Amino acid sequence: MRFAPSPTGSLHIGSARTVLFNWLWARHVGGELLLRIEDTDRERNQPELIEVIYDSLEWLGIDYDGEVVLQSDNAARHHAVVEELLAKGLAYRCDSTPEEIAERNKVAGGPPGYDGYNRDRDVSAAVPHVVRFRVPDDGSTSWVDLIRGEITFEHSILEDFVLRRRDGSPMFIVANAVDDIDMGITLVIRGEDLISVTPKMLLVRRALGIGEPIEFAHLPLIVGADRKKLSKRNGDVALDNYREAGILPEAMVNYLALLGWGPPDGVEIRPITEIIDLFEISSVNQAGAFFDIKKLESINGEYIRALPADDFLTRCRAELSTQPWAQRVDDDALAAIAPEVQTRLRTMRELPTMVDFLFLDAPDIDGASWAKAISDNDAASGLLDAAIVAYSTVDWSAESLHSATLAFVEAAGLKLGKGQAPIRVAVTGRSVGPPLFESIVVLGRERTLARLSAARATC
RNA sequence: GCCCCCAUCGUCCAGCGGCCUAGGACGCCUCCCUUUCAAGGAGGUAACACGGGUUCGAAUCCCGUUGGGGGUACCA
């Protein structure tokens, strides 16, 4: 098997799913998965983008076998193959420009596409030309797709496609087909959008006399909200976006495995080793799958909660390291609050706003929360005063703070849920966050009192 | 237009002729727990696109219709 991305930017979610399925199946059957970088489109390719591919695969935890193949290294082979086809009379030169072809079709009232005009005109090699493959007039090409069953294309509807451009560079079909042959690929697992080029590749293989078996499995497409192929127009398609958004690689891989496939026992969240074990290429779905971020985040939350404490802490440090106040992160304080935060995250990106109050001089105030709990709350001043008094002497533990707070809140005729609101906002700046008393314990008496007084002064 | 692919809850996946008054997960709603928010627990909402066959029996097989998608490049 092989994964053959072209380095045109950050790895696409669809590509990530494609490698994953190749990898799962390769590991399941004990096959080999090769990596080939299709870097022949010089205009759009940049060397540093190849690094992005390696980096993404590493992040996902997907490995490959053997040396990486750079398609550009095989240019001579691609050219030789085109010449061979030409020499065998299985391809021919064509000097018609796309405009001329369109014009002829218009005049003749025929269907769009190449009309075979130069098939037997023996165009001179001295003239600017492309090389086209001579598709057989009769018959058809078909294959048994591992996911879809038999698929057949009549030759009569296949036009004589271009093998080599006017500028002399070989087309994708040639490079791709030839490299697959040379690399000994026996199974191609790729997106459904490539179904229509498959008969052409099969035709080229046959023309070259390659009788070796090759199988295909065309994966359903991953679609966006509009039910169309996931593209830049309909959502975040770059794997990197999710990485930056605080999605754990294990969660991403687990979720991706569920797009177009499901384990027979219905257990969705499980170790990758089990997924490899259970994965079956022939049971992959045939219909497009919607990329559901909600479910991705839900799975991500499960993965975060399942993290061992020290592992979670390590990821927290990494997440906070990109904050402007990263220097002020106190490791002990972070470690103390971490257990309270772990069950509250769906993505690691939600972490900073949950713990920033511990590391900033003054809390980052959320205006709406402040207004509701303090400015517009008649009970706020009394509660803050009571808290200042109580917290000045109370034993500094969550339990003591809890009972002390409960006492003055109930004295004010309120429930704890409502009474703690002004205190929470005064101390953390927000109305939601980790449990209040545990947070205060970590913050410390001095800073807590200072923030309560500051808030009281505004009432 | 032509070619190819597809069609079960809003979404993802089960279902492979009787076990289906269609199951699980995410989402959504209700309740419980509760120190906000989560987490956790208990419920609920919600689908076999349609029409013909085949069969004793169809979500499952066949045909058609409709709908969706992909492709139709001297892109990959």
Side-chain angles (χ1 to χ4, degrees), chain A residues 4-6 8 38 40-41 43-44 94 96-98 101 111-114 128-132 145 147-149 151-154 156-159 161-173 175-176 191-199 218 220-221 223 225-229 255 257-269 283 285-299 301-302 305 340-346 350 354 369 373 398 401-402 405-406 409 415-421 423-425 428 430-440:
Chain A
S6 60
T8 51
E38 306 216 323
T40 52
D41 188 350
E43 300 288 306
R44 298 202 324 214
C94 165
S96 296
T97 62
I101 296 166
Y114 186 62
H129 64 274
V130 299
V131 174
R132 288 183 183 272
D145 197 277
I147 294 174
R148 287 153 212 282
I151 298 177
T152 301
F153 282 81
E154 295 295 330
S156 56
I157 59 99
L158 251 31
E159 66 174 33
F161 52 91
V162 174
L163 297 173
R164 192 173 74 195
R165 301 183 185 86
R166 188 165 295 241
D167 69 3
S169 60
M171 294 285 288
F172 158 78
I173 290 170
N176 198 269
E192 187 187 6
D193 50 343
L194 267 349
I195 284 184
S196 60
V197 310
T198 300
H218 287 95
L221 261 21
V223 302
D226 55 4
R227 278 273 139 194
K228 290 189 185 348
K229 181 164 74 165
Y255 174 66
L258 264 18
L259 282 184
W261 178 78
D265 61 7
V267 178
E268 296 186 320
I269 299 178
S283 64
N285 266 181
Q286 302 165 60
F290 175 75
F291 188 75
D292 187 355
I293 293 167
K294 283 253 183 69
K295 182 143 183 173
L296 204 211
E297 291 187 344
S298 166
I299 289 175
E302 293 262 8
R305 268 170 260 133
E340 302 295 348
V341 169
Q342 195 166 0
T343 57
R344 278 161 243 266
L345 298 178
R346 283 168 78 82
E350 294 164 355
M354 227 166 252
S369 300
L401 283 160
H402 185 175
T405 306
L406 191 60
V409 162
K415 294 264 197 183
L416 187 52
K418 192 144 190 165
Q420 54 95 46
I423 301 169
R424 172 182 293 283
V425 176
T428 70
R430 304 195 173 85
S431 55
V432 299
L436 182 59
F437 308 120
E438 286 74 0
S439 298
I440 290 178

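Please read these numbers as outputs of a predicted model, since none were measured by experiment. Naming: A, B, ... by sequence-line order, numbering from 1 per chain.
A:M171 places its CE atom 7 Å from the C1' atom of B:A73, with the value rounded to the nearest Å. Atom pair A:I173:CD1 and B:A76:P shows a separation of 9 Å (rounding to whole Å applied). The separation between A:I299 atom CD1 and B:C12 atom C1' is 9 Å, rounded to whole Å. Note: CZ (A:F290) to P (B:C26) measures 17 Å, nearest angstrom. Atom CG of A:L259 is separated from atom P of B:C13 by 7 Å (rounded to the nearest Å). With rounding to whole Å, A:I151 atom CD1 is found 11 Å from B:G70 atom C1'. Atom CG of A:D145 is separated from atom P of B:C5 by 10 Å (rounded to the nearest Å). As rounded to whole Å, 20 Å separates atom P of B:A76 from atom CD1 of A:I195.
The shortest distance between the side-chain N/O atoms of A:Q286 and the OP1/OP2 oxygens of B:C5 is not below 4.0 Å. Taking only side-chain nitrogens and oxygens, A:K228 comes nearer than 4.0 Å to OP1 or OP2 of B:G69. Look at A:R346 and you'll find a side-chain N or O under 4.0 angstrom from OP1 or OP2 of B:G27. Contact annotation: A:N285 reaches the phosphate of B:C13 (side-chain N/O to OP1 or OP2, under 4.0 Å). When the side-chain nitrogen and oxygen atoms of A:K294 are compared with OP1 and OP2 of B:A25, none of them lie within a distance under 4.0 Å. Between A:R132 and B:C74 there is a side-chain N or O to OP1 or OP2 distance below 4.0 Å.
A:F291 and A:Y255 have their aromatic ring centers within a separation under 6.0 angstrom.
Base pairing of B:G67 is made with B:C6, judged by Watson-Crick or G-U wobble geometry with both donor-acceptor distances under 3.5 Å. Across all strands shown, nothing is found opposite B:U36 as a Watson-Crick or G-U wobble partner with both distances under 3.5 Å. The partner of B:A58, taking Watson-Crick or G-U wobble pairs whose two distances both stay under 3.5 Å, does not exist in any strand shown. Applying the Watson-Crick and G-U wobble criteria (two distances, each under 3.5 Å), B:C48 pairs with nothing in any strand.
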Determine, stepwise, if the pair A:T198 / A:H218 fulfils side-chain hydrogen bond (donor to acceptor under 3.5 Å, both in side chains).
CA-CA 10 Å; A:T198 300; A:H218 287 95; 3.1 Å; yes

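When the C1' atom is compared between B:U54 and B:U11, the two are found 34 Å apart, to the nearest whole Å. Comparing the P positions of B:C16 and B:A22 gives a spacing of 16 Å, expressed to the nearest Å. One P atom belongs to B:C50, the other to B:A7, and the distance between them is 15 Å to the nearest Å. Using atom C1' as the reference point in both B:A59 and B:C9, the two lie 13 Å apart (nearest Å). With C1' as the reference atom, B:G24 and B:A58 are 23 Å apart, rounded to whole Å. Nucleotides B:G27 and B:C12 are separated by 15 Å at their P atoms, to the nearest Å. Comparing B:C19 with B:C61, their P atoms sit 16 Å apart, to the nearest whole Å. Comparing the same atom, P, in B:C48 and in B:U8 gives a spacing of 11 Å after rounding to whole Å.
In plain terms, the two heavy atoms of A:D193 and A:L221 that are nearest each other are N-CD1, 3.7 Å.
As judged by a 4.0 angstrom heavy-atom cut-off over every strand, A:P112 is placed among the base-contacting residues. Contacts of A:S431 with the nucleic acid, taken as non-hydrogen atoms under 4.0 Å apart, include base atoms. In this structure, A:V130 reaches the bases: a heavy-atom distance under 4.0 Å links it to at least one base atom across the strands shown. A:E438 comes within 4.0 angstrom of a base, heavy atoms only. Nucleic acid contact class of A:P111 (heavy atoms, under 4.0 Å, all strands): none. When heavy atoms are screened at a 4.0 angstrom cut-off, A:F161 is found touching no nucleic acid atom at all. Using a 4.0 Å heavy-atom cutoff across all strands shown, A:G260 reaches sugar-phosphate atoms only and no base atom. Residue-level contact check: A:G433 touches the bases, meaning some heavy atom is under 4.0 Å from a base atom. Counting non-hydrogen atoms under 4.0 angstrom, A:T405 reaches nothing in the nucleic acid. Here A:H218 lies out of heavy-atom contact (under 4.0 Å) with every strand.
Contact check for A:E350 versus A:L345: side-chain heavy atoms found under the 4.5 Å cut-off. The side-chain heavy atoms of A:P220 and A:Q286, taken from C-beta on, include no pair separated by under 4.5 Å. Between A:C94 and A:R132 the shortest side-chain heavy-atom distance falls below 4.5 Å.
With B:U35, B:A76, B:C12 as the candidates, the nucleotide lying closest to the side chain of A:L258 is B:C12.
Within 3.5 Å, a donor on the side chain of A:R344 pairs with an acceptor on the base of B:U36, or the reverse. Taking 3.5 Å as the limit, the base of B:G24 and the side chain of A:E268 contain a donor-acceptor pair of atoms between them.
Taking a cutoff of 4.0 Å between a charged side-chain nitrogen and a carboxylate oxygen, A:R346 and A:E302 do not qualify as a salt bridge. Under 4.0 Å is where a charged nitrogen must lie from a carboxylate oxygen, and between A:E192 and A:R148 at least one such pair does.
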